[in-house]
Every structure is written in C-alpha cells, then in structure tokens.
Amino acid sequence: MNDSPRLPGHRFLHSPGPTRVPDEVLHAMSRQPMDLSDPRLDNCIAACEAGLRRLLQTSASDVYFYAANGHGAWEAVIANLVAPGQAVLVPGTGHFSESWAVQTEAMGGRVIRTPWVEGLPIDPAEIEAVLRADEAHEITAVFVVHTDTASGITNDLAALRAAIDRAGHPALFVVDVVASLAAAPFAMDALRADVALGASQKGLMVPPGLAFVAVNARGMDASRLNTTPRFYWDWQRRQSPLVYRKFCGTPPQSLVFALEASLGLIALEGIEAVFARHRRIADAVHAAVACWSEAGALSFFATVPSSRSVSVTTIAVGEGVDPEALRSIARERFQVAVAGGLGSLTGRAFRIGHLGDMNEAMILGCLAGIEAAMTVQGIPFGRGGVDRAISRLSQLSRLSPLAAGNRFMP
Ligand SMILES: *Cc1c(COP(=O)(O)O)cnc(C)c1O
C-alpha cells in the first residue's frame, strides 16, 4: 500500500457509492452548526424537501429524512408498512433485493420472492402471475429495486407498474431509488409509486449518513392502519413544521447543508443535462467493456443491453481471473478504486461506478487505469477499450446545460 505522506494528484473513486463529493458540497459542510430554531435551517430543509420532490417528480408525496444509510430507509419502509405476518412481494434483482427481503423477514414480514435469473432484469409477467394468484389480496406491497447496484441492472418500472395494474391488485408500489436517483429518470407520480426511498451517498453526491423516503397518501394511509410499535421511523409522528419533530430529534445538519448544495448543483446543470451526462459516460464504459470482452475472459454481467445501468457496470470475470487482485493493483498502483462483486458475485465480478460527480476525463482515466491493472495482472482483454470509449464520446453530442434548461427547477 502507498503510505507516503501525500498522494500526488487524486485517487479516482469509481465505487457506485459512496461517490465523489463535489468541492461545493464539501464546502457547504464546513459551516458551523445552527441552533434548532434558526430560520436558515428551516430554509435549508425546505430547499432539500423541494429539491428532492422535483428530482423524484412528485407533487403528491411528502419527504421524510433519517440520520441513516439506505438500510435505514429500508427499515423505515418496513416499520411503517409491514406488520408482522403480513406479506410483501420482493421481485428478485440480485443482492439488493435479497438484502431488503431478509431485512423484511427479520422484522417479522412474510416475503414472497420471484426468482432472480442472473444477468436478467425483473420479468413483469412473474409479478403479474404472483399478484393474480393472491386472490385474497394478502400482499401488502411490492418492493422493487430500481437499479440493483450489485448486478448493474436497471429494471423497467413502467412495465412493472403495468403488471401490477393488469393483475388488478391493490398492493402498494414501493421503489428503492438509492442507486438511480439523479442518474436515471424516475417519475414517482406518473408511475403511481406510493413510496420511494433513497440515500445521500450515490447519485446525490453527499457523504453517507442521510436517508429519505417520499410517501404519497396511499402510503400514509397504510402506515396509519399499521399499529405495529415504532417511534423513530414512524411517518405519522414526523408530520410537523418543527425541525426537531420532522427529524425526530436533531437533524444531521452538515449532511443537510451538503444536500442543499448538491441539489443546487443538479439544478444549475439542469436535470436533463445530468441524465444525458450519465447516459454518455455509461455509453463510453460500455464501449470499452464490449472491447475488453472480445478476448473471452471478461463479459457484461447484464445480458440485456437496454437493462444496463447508467450508474454502475458489473463485469463478470472468467475462471482464473482474480477480481480482488485486480482491484488492489488498480487502486494501489494506478489510483483507480473500483468495486468488487457482492453476494453471489463475490470473486466473480468487479464493478465500475460511474454516477454522480463524474465527467469524460475521469471516466477515461478510470478505464485506462483498469487496462493498466489488467496488463500488470496478465488478464487477457481485447486491446483498445479506451480508444473505443473515446470514439463513442466523440460521436455523442454534448447536451449543453443552457440548451437543456432547468425543466424541473425554478
Ligand atoms: C447502496 C444501496 C442500498 C443500501 O444502502 P446503504 O447506505 O449501504 O445501507 C440499498 N439499495 C440500493 C439499490 C443500493 O444501491
């Protein structure tokens, strides 16, 4: 490990969360704490709520914050919506759907899973079949992971909504947008998603520690009817104009200042431009991975190209390739930190995070660092991935922030 007193330049962080924090956001965090009745704090929290609702494209939902990570947001959803013994459908998307399912079971819920087929997104027909078979309407909610950060697959939420509708089932539609928000479009109201949940450290470019849920009237009704004991997570208790009640205690102020700054950066760039940038950078990564795959040792984990996420790309490695060794060489010798395989993909894959505060130069540097590490390790890969990424980027026109406009922003 490089333990010299100073690392010249900077290390490229290509984990799909936590992601790099922009300087403007870091600076916002260096403010002193405020007393809890300072109107500046109220204004900051109001700006965070409004900004998140714009990003989630919802006017029908309220936002509640937690001093927590994504697992905390999962806990909030389960505590409010699922009484012990109640059933929830969790369609299999990989490591993250399974973790959410296990947490639901730990809290007493009964989980019905649809099987996860490696490399594929959720099949809407499977959801429809399970819901149709539930004639007694015992299933309270469908918990869907939009982008599974382990598999690098983004599910088609409109198709899943349509499947629930076709089954004529009243289950709540609950969506985890931890890895997709501010990278890929998500239109909560148009999808009639009843609850959405997220966390600060991925597309939102804020350090870990701030989680949130957005809940519409149906979601609030379900939580009101659920009398399971809870306090900190309870949505009913958090409906208050008082900051102290809204957060069930002191807000994590530095993180709230950070979120206000990051939502400001997103508004300044324009949300459409943010999405277009993520699309462009993901296309460049995909061009490189397609090239690397030609030598046979590496491949896209997501087999359906349209399901490949704009946030993270999961690359499966063949027998004899050690992705953990590759990661160490990339990080320690070439200053490029990528992520490993999770759950059943441990030791079988590595992942390139490309969401958040990211630009063309950074992704080209990342891809070159990985090529260098693969060269050191003697991994066979199709040469010229960086060149392919460059040609892809040079073909794609840049959507200027001015031309894109600030459609969802004031
Ligand atoms: C990261 C992530 C989580 C969990 O978030 P933590 O902050 O690590 O608890 C949940 N869902 C998805 C889709 C994620 O990417």
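These numbers come from the heavy atoms of this one structure, side chains and all, not from hydrogens, waters or symmetry mates. In listed order, ligands and their atoms are each counted from 1. Positions are given from 1 along the sequence.
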| said: Tell me whether the rings of His169 and His137 are parallel (<30°), tilted (30 to 60°) or perpendicular (>60°). | reply: tilted
| request: Mind telling me whether His286 and His354 have parallel, tilted or perpendicular rings, with 30° and 60° as the class edges? | output: perpendicular
| Which residue, Val195, Leu81, Val77, Val63, forms the side chain to side chain contact (heavy atoms under 4.5 Å, CB included) with Val215? | Val195
| note | Smallest heavy-atom separation, Ala196 atom then Phe186 atom, equals CB-CE2, 3.9 Å
| task | Ignoring hydrogens and angles, tell me if any N or O in the side chain of Thr346 forms a donor-acceptor pair with the backbone of Gly343 under 3.5 Å. | result | yes
| Donor-acceptor pair, Thr140 side chain versus Ala87 backbone, under 3.5 Å? | yes
| note | In chain-and-number order, ligand 1 lies under 4.0 Å from a heavy atom of each of Asn69, Gly70, His71, Trp74, Phe96, Val145, Thr147, Thr149, Asp176, Val178, Ala179, Gln201, Lys202
